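To keep things clear, I will list the structure first and then write my remarks on it.
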Amino acid sequence: MRRPLALAFALSLAAPALAETQPFRIVNRTGTDATALHAVRTPRGAQNDWGGNLLPGNRALTPDGGFRVAPADGAGCRFDLRLVLADGRESVLRDQDICAVREVEMAAAARPAAPMPVPVTPAPQVPQQRPNAQAKRVSTGSGFLVAPDRVMTNHHVVDGCDRVIVRAADGRWLGAVPPARVDEKLDLALLAVPGLPGPALAFRSGPAVRRGEGVVVYGYPLAGILSDAVLTRGEINGLSGLADNRSQFQVSAPVQPGNSGGPMLDMRGHLVGVVVSKLNAQKLAQATGDIPQNINFAVKGEAALSFVQRAGLTPRLAESAGPERSAADVGEIAQRSTVFIRCER
């Protein structure tokens, strides 16, 4: 018996609504364990708003494994999907019609997952807990090449890390091979990163650094808030650090969390220091009633050079002579050799 046209039309409208409520399956085809799965209705609100991790507890979605997702009522048919992999990369599919395709395969990851934001605090390096309490904690820092496949950074940047990966100047992500060589007193570390491209920076061999010399700091502060490397310019203010620490300089070049471990170059492009910390202005203001202005510290280049040589490496050395370069030119020298460091605990 033929149904009335109005009834047939009503049924055709209801069919997609029924499909919207049926579960669909996501299959991990990346070849790597996935530690987080996100499915958010299209269009999403904020660009980085992926909601909560759908994987329960500490469960990982293994290669070729599947996970069943049950959409909420009224969610519709179109979703943005995201897998975050154990090696720090992510695989994303946008605007997928789950009513038409009930099984979605997530292919090899195309890019690294975005680092978690580091809050703006006086501390030079603050680990940040992900929203899922069972997920890994991520912190970030900077580093630079001192020899082929060797990266210098601060000890506190990599202390306690289960995994360290670096992003080279050409955008490639490479893993550091443990163990790192460290000097806790100087707060320095040397990482082995096989296959890392880029030239090693040259340590300044002379003349001695003087107060008032101009310097350039280069690194990756405030990951997740600032998306690119940052160059700042300042001067050598003092020839010792906090509490008369003779292995450090006091500098006026502004630094933020994430700058830790980055290079400080003179105006001829030679390494004169390694960014290490900034003064805790809030605590000092509580103690003295005065707010200190832009007091930051860097490990002296000569101390860093000695550490590299004790590790059995032969770093590049250069006499700092001739005309000074512009800050932009010094930044280009730093850019080729500076890396972003991601620590997972």
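The model shown is predicted, which means the values in this text are computed figures rather than measured ones. Just so it is clear, the values below take in all heavy atoms, side chains as well, and ignore hydrogens, waters and symmetry mates.
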*Answer yes or no: is there a donor N or O on one side and an acceptor on the other, between the side chain of Arg342 and the main chain of Val138, under 3.5 Å?*
no

*Thinking salt bridges, do Asp183 and Lys185 make one under a 4.0 Å N-O criterion?*
no

*In Å, rounded to the nearest 0.5 Å, how long is the span from CD of Glu332 to CG of Leu231?*
10.5 Å

*Do Asp80 and Thr42 have side-chain N/O donor and acceptor atoms under 3.5 Å apart?*
yes

*Between Val158, Val157, Asp149, which is the residue that forms a side chain to side chain contact (heavy atoms under 4.5 Å, CB included) with Leu191?*
Val158

*Is a side-chain N or O of Ser142 found less than 3.5 angstrom from the main chain of Tyr218, in a donor-acceptor match?*
no

*asked:* Taking Asp33's backbone N and O only, do any of them form a donor-acceptor pair with Thr62's side chain (distance below 3.5 Å, no angle check)?
replied: no

*Between Ser139 and Arg345, does any side-chain donor sit less than 3.5 Å from a side-chain acceptor?*
yes

*Residue pair Gly66 / Arg59: nearest heavy atoms and the distance that separates them*: O-NH2, 3.9 Å

*Under 4.5 Å between any side-chain heavy atoms of Val92 and Leu81, yes or no?*
no

*Can you name the nearest heavy-atom pair linking Ser91 to Ala107, along with the distance?*
OG-O, 3.0 Å

*Assert yes or no for the condition that the ring centre distance of Phe24 to Phe79 is strictly below 6.0 Å.*
yes

*Any Lys/Arg nitrogen of Glu213 or Arg211 sitting under 4.0 Å from an Asp/Glu carboxylate oxygen of the other?*
no

*Kindly compute the distance separating CG (Leu196) from CZ (Arg167), expressed to the nearest 0.5 Å.*
12.5 Å

*Any side-chain donor paired with an acceptor under 3.5 Å for Ser320 and Asp266?*
yes

*asked:* Against Ser306, only a single residue in Gln309, Arg310, Glu302 fulfils side chain to side chain donor-acceptor pair (under 3.5 Å); can you say which?
replied: Arg310

*Enter the distance from Arg25:CZ to Phe67:CZ here, rounded to the nearest 0.5 Å.*
11.0 Å

*Atom pair OG (Ser277) and CG (Asn154), whose distance is rounded to the nearest 0.5 Å*: 8.5 Å

_Check whether Thr232 reaches the backbone of Ala253 with its side chain - one donor and one acceptor, N or O, closer than 3.5 Å._
no

*Side-chain heavy-atom pair Leu239, Phe249 within 4.5 angstrom cut-off*: yes

*Polar side-chain atom of Gln96 near backbone of Arg94 as donor-acceptor pair, under 3.5 Å*: yes

*Is Pro197 close to Leu174 at the side-chain level, that is, under 4.5 Å between some pair of heavy atoms?*
yes

_Under a 3.5 Å distance rule, please check whether Asn28 uses its side chain to pair with a backbone N or O of Met106 as donor and acceptor._
no

*Enter the distance from Leu186:CG to Lys300:NZ here, rounded to the nearest 0.5 Å.*
11.5 Å

*May I ask you to test the Val164-Ile341 pair for a side-chain heavy-atom distance under 4.5 Å?*
yes

*Under the salt bridge (charged side-chain N to carboxylate O under 4.0 Å, His left out) rule, collect the residues that match up with Glu319, sequence neighbours excluded.*
none

*Looking only at heavy atoms, which two atoms of Leu145 and Pro199 are closest? And how far apart?*
CB-O, 3.7 Å

*Report yes if some heavy atom in the side chain of Phe307 is under 4.5 Å from a heavy atom in the side chain of Val299; otherwise report no.*
no

_Arg316 (side chain) donor-acceptor with Ala200 (main chain) under 3.5 angstrom_ = yes

_Any donor-acceptor pair under 3.5 Å from Asn259 side chain to Pro221 backbone_ = no

*Which heavy atom of Ala229 sits nearest a heavy atom of Tyr220, and at what distance?*
CB-CE2, 3.5 Å

*asked:* Side chains of Thr35 and Leu55, heavy atoms from C-beta outward: is any pair under 4.5 Å?
replied: no

*Begin with the C-alpha distance, continue with both residues' side-chain angles, and end with the deciding distance and a verdict on side-chain contact (heavy atoms from CB on, under 4.5 Å) for Val146 and Val151.*
CA-CA 6 Å; Val146 293; Val151 169; over 6 Å; no

*Same apolar cluster (I L V M F W Y, side chains within < 4.5 Å links), Val274/Leu313*: yes

*Main-chain N/O of Asp187 paired with His156 side-chain donor or acceptor, under 3.5 Å*: no

*Is there side-chain contact between Val217 and Val255, with at least one heavy-atom pair below 4.5 Å?*
yes

_Could you measure the distance from the CG atom of Leu271 to the CZ atom of Phe203? Nearest 0.5 Å is fine._
5.0 Å

*Indicate yes or no: at least one non-hydrogen side-chain atom of Met264 is less than 4.5 angstrom from one of Ile236.*
yes

